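Comments concern the structure below.
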Amino acid sequence: MPLTHNDGRAVDPKQIKRIGERLLQEFGGVTYFPQPNEGRWRMGHVTFRDQVVIFRVLTADVRAARRFFRRLKAELRVDLEQEEILIVEKDAEAL
């Protein structure tokens with residue numbers, strides 16, 4: 001989740017907390033990595049940088065999770081004024 005809007009304004013920490021609470025409600029558990037991570041990507045000859053924090057959830061119901069994250073992604077793009085929001089899906093197996 002980005003920590004700033006595209007114009008440089010900080011994302012309200014309450015908004016970040018609400019996302020964590022929403023993920024907890026939806027999936028019954030969430031891991032939050034509060035340390036800032038730097039994302040970089042190139043478009044043409046311009047390199048963009050973003051400070052982000054990471055949330056992680058686990059679920060057995062992949063279809064329901066995809067539906068949830070499609071809706072969440074659309075909301076976050078508007079609320080956070082972002083061109084794109086990166087949501088990654090990985091197969092995992094708990095031992």
Side-chain angles (χ1 to χ4, degrees):
M1 179 161 171
L3 294 175
T4 58
H5 297 274
N6 285 342
D7 64 4
R9 289 176 296 123
V11 170
D12 185 345
K14 292 177 188 172
Q15 196 169 14
I16 295 170
K17 184 177 180 181
R18 281 193 300 270
I19 295 300
E21 290 170 357
R22 190 167 170 191
L23 293 169
L24 175 62
Q25 182 69 32
E26 181 72 22
F27 296 100
V30 61
T31 301
Y32 172 57
F33 299 86
Q35 65 279 9
N37 297 271
E38 184 178 286
R40 297 184 202 179
W41 67 98
R42 291 194 84 146
M43 292 183 75
H45 296 289
V46 178
T47 299
F48 294 90
R49 290 178 177 82
D50 227 351
Q51 291 290 317
V52 299
V53 291
I54 298 171
F55 288 97
R56 181 180 296 157
V57 298
L58 300 174
T59 184
D61 191 345
V62 175
R63 287 181 130 167
R66 286 179 181 163
R67 284 192 302 274
F68 172 84
F69 280 116
R70 281 188 196 104
R71 289 190 309 270
L72 180 63
K73 181 176 182 167
E75 291 173 25
L76 291 176
R77 286 179 65 196
V78 171
D79 293 347
L80 301 177
E81 303 166 23
Q82 298 290 310
E83 290 292 320
E84 193 58 74
I85 298 288
L86 178 65
I87 298 175
V88 177
E89 175 186 308
K90 292 184 177 185
D91 286 333
E93 186 174 328
L95 302 178

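Scope of the values below: all heavy atoms of this structure, side chains included, with no hydrogens, waters or symmetry mates. Just so it is clear, the model here is predicted, and its values are computed rather than measured.
- In this structure, Phe55 and Met1 approach most closely via the heavy-atom pair CE1-SD, 4.0 Å.
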Open item on the list: If you apply the rule side-chain contact (heavy atoms from CB on, under 4.5 Å), what do you find for Tyr32 with Ile54, and how did you get there?
Closed with: CA-CA 6 Å; Tyr32 172 57; Ile54 298 171; over 6 Å; no
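- Counting all heavy atoms, side chain and backbone alike, Val53 lies closest to Pro34 at CG1-O, 3.4 Å.
- Using a 4.0 Å cut-off between charged nitrogen and carboxylate oxygen, Lys14 and Asp12 do not count as a salt-bridge pair.
- Using a 4.5 Å heavy-atom cutoff, the side chains of Glu84 and Trp41 are not in contact.
- Not a single donor-acceptor pair under 3.5 Å links the side chain of Arg56 to the backbone N or O of Thr31.
- Applying the 6.0 Å contact sphere to CG of Asp91 captures no more than 12 heavy atoms from other residues, nucleotides or ligands.
- Transitive grouping of hydrophobic side chains (ILVMFWY, heavy atoms separated by less than 4.5 Å) keeps Leu86 and Val57 in distinct clusters.
- Between Glu21 and Val30, every side-chain heavy-atom pair lies at or beyond the 4.5 Å cut-off.
- Annotation for Arg42: atom CZ counts as buried by contact number, over 12 foreign heavy atoms lying within 6.0 Å.
- Heavy atoms of other residues, nucleotides or ligands lying less than 6.0 angstrom from NZ of Lys17 number 12 at most.
- Taking CG of Leu23 as the reference point, atom CZ of Arg18 lies at 13.0 Å (rounded to 0.5 Å).
- Judged by distance alone, with hydrogens and angles left aside, the side-chain atoms of Asn37 form a donor-acceptor pair with the main-chain N or O of Gln35 at under 3.5 Å.
- Looking at every heavy atom in both residues, Gln51 comes nearest to Pro36 through OE1-CB, 3.3 Å.
- Among Leu3, Ile19, Val11, the one residue that satisfies the side-chain contact (heavy atoms from CB on, under 4.5 Å) test with Leu80 is Val11.
- Here Arg77 does not pair with Glu75 in a salt bridge; the nearest charged N to carboxylate O distance is not below 4.0 Å.
- Contact between Thr59 and Ala65 at its shortest, heavy atoms only, is CG2-CB, 3.7 Å.
- With respect to the salt-bridge test (charged N to carboxylate O, under 4.0 angstrom), the residues Arg66 and Glu89 qualify.
- Contact check for Ile85 versus Pro2: side-chain heavy atoms found under the 4.5 Å cut-off.
- Between Asn6 and Glu83, the shortest heavy-atom contact is ND2-N, 3.9 Å.
- Side-chain atoms of Gln82 come within 3.5 Å of backbone atoms of Thr4 as a donor-acceptor pair (strictly under, hydrogens ignored).
- Remark: side-chain polar atoms of Asp50 are not paired, donor with acceptor, to backbone N or O of Val52 under 3.5 angstrom.
- Across His5 and Asp79, no two heavy atoms sit closer than the pair CE1-O, 3.6 Å.
- In the hydrophobic clustering of ILVMFWY residues, with side-chain heavy atoms under 4.5 Å counting as a link, Phe33 and Leu72 come out apart.
- Heavy atoms of other residues, nucleotides or ligands lying less than 6.0 angstrom from CD of Glu38 number more than 12.
- Two rings, from Phe69 and Phe27, have their centers less than 6.0 Å apart.
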